[in-house]
Amino acid sequence: MDTLRREIHSLNKAPKLRSTVQDVDKIIEELEAARAQVAATLDTHTASLTMAKLQNPLNRHFEVMTQDLKNVSKVHKNLGKTLDKAMPVKPLPTDHDVMAEHMDLINRAIAMHLLREGEFSVAETFQNETQDDVTLADVTATQPSTGPDGTEDQIMSEPDGGGPDLMEMSYQSEPVAKRQQSQASHIPPPELKDRFADMYRILESIRHHDLGPAIEWAREHSEELEARGSNFEFDLTKLQYVWLFRGPEVNGLPSDRPNGRLGAYLYGKENFPRFQARHLHEIQQLASAMVFAPNLPDSPYSSLFAVDQSFSEIAASFTREFCSLLGLSAESPLYIATTAGALALPRAIKYASAALAKGTAWTTTDELAFETPLPSNMIYHSIFVCPVSKEQTNEANPPVMIPCGHVLGRETLKKLCKGNRFKCPYCPQDGLFKDARRIVL
Amino acid sequence: MGDYEASKINHDNHLLLDQPLLRLPYELLRKNFRSAHFVIEKDSTQVKATLKEAATASLSGKSSPDDVLKNLDVMLNKMRGLKRKLSACADEEERLYRQLDARTAHLAELNDIHTVDDVRYQPWSRKRLDRLMVDYMLRHGYSDSAEAMSEQKGMQDLVDIETFKSMNRIRKALENGSVAEALAWCQENKKELRKMDSDLEFNLRYQQFIELIRTQDTPRKLEAIAHAKKYLLPYRDTHPDEVSTICGLLAYPPIYNFDSGTGRPNPSKAGIFPLQLGPNYDNNGSLYPLLTVCPPRYTNIYSQTRWQELADSFVAAHNELLSLPSSPLLHIALNAGLSALKTPACHSNVQHSTAAGYNTGNKNTTVCPICSMELNELAKAVPYAHHSKSHVEHDLYVLPNDRVYGKARLLEYAKKNGLPDSLVKDLVTGDVFPWDELKKVFIT
Ligand SMILES: [Zn+2]
Ligand SMILES: [Zn+2]
């Protein structure tokens, strides 16, 4: 890549097509001069003399032009060679493009990504354009293959930890017609835009060190947050307390309301009691810190009162909590999926070409036939591979725990059974098949 | 479990999706050079010939000074025309060099990023996603979105708006039943298409023929015969099947809308009664009472879906010519990425928790991207990832409801919920159990 970069960088000094334009200019100059001469005298002799004299320089210019063109061609050829070396062509797997059948779902994922990134105007343009497309496809209907409309309401339901808000978000609880239903799957829930607009408004305030809107939001969703076991509301209250404590010279808040130590004291007195059951210890620490107020940096509580990182941390956890309550992952799924795709692609290509050679397809089974290792922060669920069969457990072959506490795939356990009894392959205990528990990891 | 290997960026393999980013401007550079070369050849040959003729005529006294002036004007016009065309090529070359420069700079940013955990990787990968989205939009003809997006992100040099816009113009023309634009494109790329063994031009010409016949208008039918002689017969050897249908097509007019399944006329759509009567033979020599049953090969020929097929085959030829993959890059990335991320839990009826990364300090357990609303339905189309080893939390305990969690997480959650030390709370269902009803789980 470095060689390529250097070569491309030096292209501005290399021969370019612009040189042939200059050659043409010279020819035009010669022609114009000759024309002027002939026109000035309109004399037959001058005319033929001029024309005779024009031959050589013109032909020379044409030769130069051909040479210039050759030089340009050489530059392009070398560039091609360097490119081939820096980035040898590796065909991408396009034989089984299963995504092509799900344009509507991809469009929806893109629209939702744009909304969560706060690209509201691009999102709107995109939604208009894709909707026109759908309407068009439905009207012409010359192609039976356009758009399967078996998309069910299910899309709206969230299999993992979805909050109650999700039901509100599907705006058509009773689709009038199938057509409308299929169209609904092309667009993100209409309320999503407003939700993300809220999110960006609150994030903007946090960026300006104004926690007010975030605190208001957290109070509104207090119960849901608590149900998630989230400390977000307390963290916010704590940061607000610390922020007030640091006083006007740090927080720059107007002095028309209590600020500084007094402000913090009053704020804490009003707000901490709600959290006493769960965070008594921390609240006590914050209160005791009052004593050290003049030389807080040297006190054991200094770390509690450092705010430099706190605002960006609270912004990150706000985004996470906000998305989670919508049943959405905190980081854009489209971003994670394409990044994972770039990481998994080399393996996929390697396997796809091997499968192609053997004449087998690789996308028809439930489970990929090859491993695509991802960084651990891209592993979201527990994975259990049966230590005996080496098969990954799933709905059909779930993990079961036998009385000794060891876990196997259920298929393995069935095979181990002699009648109703089995012997654990890892410890000397045995047990009855009916005592094995299906567990959820 | 901290899979360091998996976080490493392998620079030889990390830019597979980015190949077209450099290939396309390079192919366009060559295409641009070819057209420059072509106009120079054509115009300079003409000017040289004119010059020679004019000089000879003038020298031999056959032409007046006025004739000489006229000839000079012809040459000047040619050269000024050439200058205009070459300037356009030179501009295009500059634009492509600028693009290549911006694109290699973007790719080179990755050079000293060695792991995906590097803070600089995320912005880079986000930019890549932006590019993939614009590519997707362009390929599907959503050019307003593509333009809005690339302007918003200031990435005009990293995307190929013009190339795809002109592709979509031709594609749409075909979808609306017009071949002229595609034929002009074939003309421009004649040599390359021939090298590729492309059928496109033949198929376009064949469609023109079908459309002439479809009218069932006598002068048009005569035109069709002339058209077939000129444009189709030369392909006799490479396309014997289609060429052999030419006579048949003249015999099976699309007066009835033939049912493509049975080959029988669809009475509900019957038009004018056929003019010709009498038996007819198909190519196998079997007898078909004319217009009672139409051989399927002919009903297909009159089908309107052929226009879509033509549009698709134009797009395929276009992409092949410019070394572009046949599918949008986003499809390729999603296909691989969704599979790699998907687990059996993502479409399970049982609610699973998200916590596998918990031990590695990834305490910000969030909704899994495949479980998230955006991708859940789409991910049904791909298989789940293959794993050869388990990824679970340390120190697992099973609750009386058969749900399993790591001890550290249970403790933390109980504390967050203000429970006494003797109780735990299920992270998914919210059920509360006494600690002593839990059982240790051993994962081997
Ligand atoms: Zn055991
Ligand atoms: Zn999942």
Side-chain angles (χ1 to χ4, degrees), chain A residues 5 8 11 17-18 21 24 28 31 35 42 47-48 51 62 92 94 97-99 105 109 112 122 125-126 129 142 155 160 229 277-278 328-330 333 336-341 344-346 348 367-368 371-373 375-377 379-385 387 392 394 405-406 439-441, chain B residues 6-7 13 16 55 58-59 65 68 72 76 79 83 86 89-90 93 97 100 104 108 125 129 142 145 148-149 304 325-327 331-333 336-337 340-341 343-345 354 356 360 362 366-369 371-372 374-375 377-378 381 383 386-387 390-392 402-404 413 416 418 442 444:
Chain A
R5 175 102 196 91
I8 285 172
L11 281 176
L17 284 177
R18 191 68 65 196
V21 180
V24 173
I28 292 174
L31 285 167
R35 195 192 185 283
L42 281 180
S48 59
M51 288 309 278
F62 276 121
L92 295 167
T94 50
D97 187 4
V98 289
M99 292 294 123
L105 293 172
M112 288 175 81
V122 180
T125 309
F126 183 68
E129 237 174 350
T142 41
I155 303 164
D160 194 305
R278 281 164 61 181
L328 302 174
S329 87
I336 300 170
T338 47
T339 303
L345 200 55
E367 184 173 346
L368 274 184
E371 208 163 7
T372 46
S376 52
N377 62 2
I379 294 174
Y380 294 86
H381 299 289
S382 297
I383 300 289
F384 181 70
V385 175
Q392 196 180 160
N394 56 28
H406 281 117
I439 55 170
V440 180
L441 279 159
Chain B
S7 313
N13 268 336
L16 295 172
S58 160
L59 217 60
V68 170
L72 280 168
L76 270 169
M79 291 314 285
K83 182 182 173 175
L86 278 183
C89 290
E93 190 185 52
Y97 279 178
L100 280 166
T104 43
S125 187
L129 171 59
Y142 307 141
S145 311
M149 175 100 182
Q304 287 296 337
S326 58
S327 310
H331 290 193
I332 300 167
L341 289 166
T343 71
T354 45
T360 52
N362 183 17
T366 159
V367 177
C368 147
C371 291
S372 192
E374 288 99 322
L375 298 178
E377 187 66 21
L378 185 61
H386 176 72
H387 289 273
S390 297
H391 293 270
V392 291
D402 297 331
R403 296 181 155 275
V404 177
Y413 195 65
K416 273 185 179 177
F442 297 98
T444 32

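Protein chains get the first letters and strands the later ones, always in sequence-line order, with residue 1 at the start of each.
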**Student:** Select, from B:A90, B:A55, B:P344, the one with the greatest count of heavy-atom pairs under 4.5 Å involving chain A.
**Tutor:**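 Going by pairs under 4.5 Å, I would pick B:A90.
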**Student:** For the atom pair NE2 (B:H391) and CD1 (A:I383), what is the distance rounded to the nearest 0.5 Å?
**Tutor:**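 Taking NE2 in B:H391 and CD1 in A:I383, the distance rounds to 6.5 Å.
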**Student:** Would you find a donor on one side and an acceptor on the other, under 3.5 Å apart, between the side chain of A:T125 and the backbone of B:S145?
**Tutor:**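 Judged by distance alone, no pair lies under 3.5 Å.
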**Student:** Measuring heavy-atom distances to chain A, does B:Y413 have an atom under 4.5 Å in its side chain, in its backbone, in both, or in neither?
**Tutor:**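 Contact with chain A is through the side chain of B:Y413 alone.
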**Student:** Do the rings of B:F442 and A:H406 sit parallel, tilted or perpendicular, given the 30° and 60° boundaries?
**Tutor:**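 Tilted, since the angle between the ring planes falls between 30° and 60°.
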**Student:** Looking at B:P325, B:S125, B:C89, which one has more heavy-atom pairs under 4.5 Å with chain A than the rest?
**Tutor:**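 Going by pairs under 4.5 Å, I would pick B:S125.
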**Student:** Any donor and acceptor pair, going by atom type alone, linking the side chain of B:E374 with main-chain N or O of A:P333 inside 3.5 Å?
**Tutor:**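 No, B:E374 side chain to A:P333 backbone: no donor-acceptor pair under 3.5 Å.
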**Student:** Between B:L16 and chain A, with a heavy-atom cut-off of 4.5 Å, which part of the residue counts as in contact: side chain, backbone, both or neither?
**Tutor:**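 Contact with chain A: backbone and side chain both.
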**Student:** Hey, which of B:H387, B:K83, B:M149 has the most heavy atom pairs under 4.5 Å with chain A?
**Tutor:**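 Going by pairs under 4.5 Å, I would pick B:H387.
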**Student:** So, does B:S372 use its side chain to make a donor-acceptor pair with the main chain of A:S329 at under 3.5 Å?
**Tutor:**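 Here the side-chain-to-backbone pair exists.
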**Student:** For the CG atom of B:L129 and the OG1 atom of A:T339, what is their distance to the nearest 0.5 Å?
**Tutor:**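 With rounding to 0.5 Å, CG (B:L129) is 7.0 Å from OG1 (A:T339).
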**Student:** I'd like to verify something: which residue of B:L59, B:V68, B:L341 has the highest number of heavy-atom pairs under 4.5 Å with chain A?
**Tutor:**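 Heavy-atom pair counts peak at B:L341.
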**Student:** Counting heavy-atom pairs closer than 4.5 Å to chain A, which one of B:A340, B:A108, B:A148 comes out on top?
**Tutor:**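 Top count of heavy-atom pairs under 4.5 Å with chain A: B:A340.
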**Student:** Please rank B:I332, B:T444, B:L375 by heavy-atom pairs under 4.5 Å with chain A and give me the top one.
**Tutor:**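 Of the candidates given, the most pairs with chain A belong to B:T444.
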**Student:** Measure the OG-CG distance between B:S390 and A:L441 for me, rounded to the nearest 0.5 Å.
**Tutor:**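 Here the rounded value is 8.5 Å.
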**Student:** Which bit of A:I336 is near chain B, if near means a heavy-atom gap under 4.5 Å: side chain, backbone, both or neither?
**Tutor:**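 Both parts, backbone and side chain.
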